[in-house]
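Have a look at the structure below before the remarks.
For the single chain, residues carry numbers from 1 onward in sequence order. Both ligands and their constituent atoms are indexed starting at 1 by order of listing.
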Amino acid sequence: MAVISPGRVESFLRQQIGRPRVIALIDPDSQTKEESADLALAAVHGGAEAIFIGGSTAVQRSVVDATVTTILEAFELLEWGASQDLNEIELQRPPLILFPSASEAISEDADAILFMSLLNSTNRRFIIEEQLQATLVLEDLNLERLPTGYIVTEPGGRVGEVGQAALLGRDEIEQMSSYASLAAGFGMRFLYIEAGSGASEHVSPDLIRAAKRDDQTLIVGGGIRTPEIMREVAAAGPDWIVIGTLIESCTSLEEVTEEIQSLTEVLQSSSL
Ligand code: 1GP
């Protein structure tokens with residue numbers, strides 16, 4: 001399999017195609033590595049164009065490694081080519097991107113890692129310390145680093161608790177713009193706004209609009225599970241929308257594909 005050369009994942013993610021795209025989030029801790037691979041493939045069949053591997057709880061490196069390898073093997077068995085539309089930046093397959101909960105959650109076989117700081121954490125461990133532990137290790141790996149500011153908004157869920165975030169309120173519009181500017185100023189080319197996995201309320205569209213900048217790729221996630229919510233979030237203009245809990249709550253792989261399809265179809269429609 002061709003290796004994605006450095007910078008390819010970022011180019012792919014930053015590409016403007018006039019609509020948001022979907023990232024499938026797979027938590028290596030929630031199922032076996034084989035089940036993770038099946039879920040990833042089913043989500044891609046439904047129209048997900050990239051895979052995040054991670055979760056809000058600490059996962060051992062060996063578990064992340066095994067999950068990444070098994071997903072890669074599953075992709076290898078598929079024929080990727082003319083029939084798969086991955087837009088102008090041609091990748092052999094959807095990129096596998098680590099969404100690490102801690103410095104341990106690394107696999108050198110992934111294509112890229114969100115090298116991120118939880119900007120509104122009250123604990124410096126999540127702002128800078130975990131990153132400090134991982135940084136020299138990462139420099140030695142052939143893993144593209146995607147500099148990312150990470151912000152947790154209300155209700156915040158488990159990641160808000162674990163990350164000890166000073167949750168951003170749904171009406172803190174100016175504060176969100178300031179965070180986006182801060183991240184850009186620090187050279188973070190990605191901003192990930194998160195309401196928490198399985199959140200009862202998704203990130204408010206006003207906050208998404210406030211975070212939107214031309215010089216940053218905007219990722220939004222948490223609580224997005226119906227076409228109606230998808231439409232509302234997508235209309236606010238993020239570049240990528242992360243779907244996790246919905247995938248894990250399905251009872252069959254066919255259902256995963258159908259559910260993701262029902263969300264990606266919203267993005268194809270001209271009504272956004
Ligand atoms: C969590 O934003 C992601 O980090 C996805 O959230 O699990 O609610 O889809 P859900």
Side-chain angles (χ1 to χ4, degrees), residues 13 20-31 36 39-40 42-44 46-59 64 67 96-102 105 113-121 126 130 146 148-165 167-168 170 176 190-205 207-208 211 217-234 236 238-250 255-264 266-267:
L13 294 175
R21 289 181 275 173
V22 165
I23 296 171
L25 170 65
I26 305 292
D27 185 348
D29 221 13
S30 296
Q31 59 275 311
S36 288
L39 291 177
V44 168
E49 296 181 56
I51 313 280
F52 275 180
I53 315 276
S56 47
T57 48
V59 185
V64 179
T67 302
L96 295 196
I97 301 162
L98 301 174
F99 168 41
S101 49
I113 181 167
L114 294 184
F115 193 64
M116 61 185 199
S117 172
L118 178 47
L119 296 175
N120 62 331
S121 177
F126 300 102
E130 289 289 334
L146 307 171
T148 305
Y150 186 42
I151 311 214
V152 183
T153 69
E154 286 176 345
R158 180 109 181 94
V159 68
E161 278 168 36
V162 174
Q164 295 171 40
L167 300 175
L168 212 66
R170 293 176 68 77
M176 179 56 92
F190 295 84
L191 192 73
Y192 184 175
I193 317 179
E194 162 90 81
S197 191
S200 52
E201 267 188 306
H202 52 281
V203 178
S204 104
L207 285 183
I208 299 172
T217 298
L218 184 58
I219 306 168
V220 173
I224 300 161
R225 53 182 168 266
T226 66
E228 292 69 31
I229 297 175
M230 188 63 152
R231 185 167 291 111
E232 195 188 330
V233 169
D239 298 291
W240 290 90
I241 296 173
V242 184
I243 309 293
T245 304
L246 178 69
I247 294 172
E248 286 174 1
S249 65
C250 290
E255 194 185 339
V256 172
T257 301
E258 281 167 21
E259 289 284 357
I260 296 295
Q261 219 157 23
S262 72
L263 299 186
T264 52
V266 169
L267 303 176

Atom 9 (O) of ligand 1: closest protein heavy atom, distance to 0.1 Å, is G244 N, 2.8 Å
Which residue and atom name correspond to the protein heavy atom nearest atom 4 (O) of ligand 1, and how close is it?
E194 OE1, 2.5 Å
Any side-chain to backbone donor/acceptor pair from S262 onto P227? Under 3.5 Å, distance only.
no
Distance-only, no hydrogens or angles: does the T257 side chain make a donor-acceptor pair with backbone N or O of A42 under 3.5 Å?
yes
Using a strict 4.0 Å cut-off to heavy atoms of [X], name the atoms of ligand 1 that fall inside it.
| X | result |
| --- | --- |
| G198 | 7 (O), 8 (O), 10 (P) |
| I243 | 9 (O) |
| F99 | 4 (O) |

Can you list the steps and then say if I243 with E259 is a side chain to side chain contact (heavy atoms under 4.5 Å, CB included)?
CA-CA 10 Å; I243 309 293; E259 289 284 357; over 6 Å; no
Derivation and outcome, side chain to side chain contact (heavy atoms under 4.5 Å, CB included), residues F52 and I219
CA-CA 12 Å; F52 275 180; I219 306 168; 4.2 Å; yes
Is L25 close to ligand 1, meaning an N/O of one under 3.5 Å from an N/O of the other?
no
Side-chain heavy atoms of T245 within contact of R225, under 4.5 Å:
no
Should the proximity of Y192 to ligand 1, defined as any heavy atom under 4.0 Å, be assigned to the side chain, the backbone, both, or neither?
side chain
Look at the rings of Y192 and Y150 and say which category their plane angle falls in: under 30° parallel, 30 to 60° tilted, over 60° perpendicular.
tilted
Closest by any non-hydrogen atom to atom 7 (O) of ligand 1: pick that one out of V159, T245, I224.
T245
Options G222, S249, S101, ranked by nearest heavy atom to atom 6 (O) of ligand 1, top entry:
G222
From L114 atom CG to I53 atom CD1, the distance as rounded to the nearest 0.5 Å:
11.0 Å
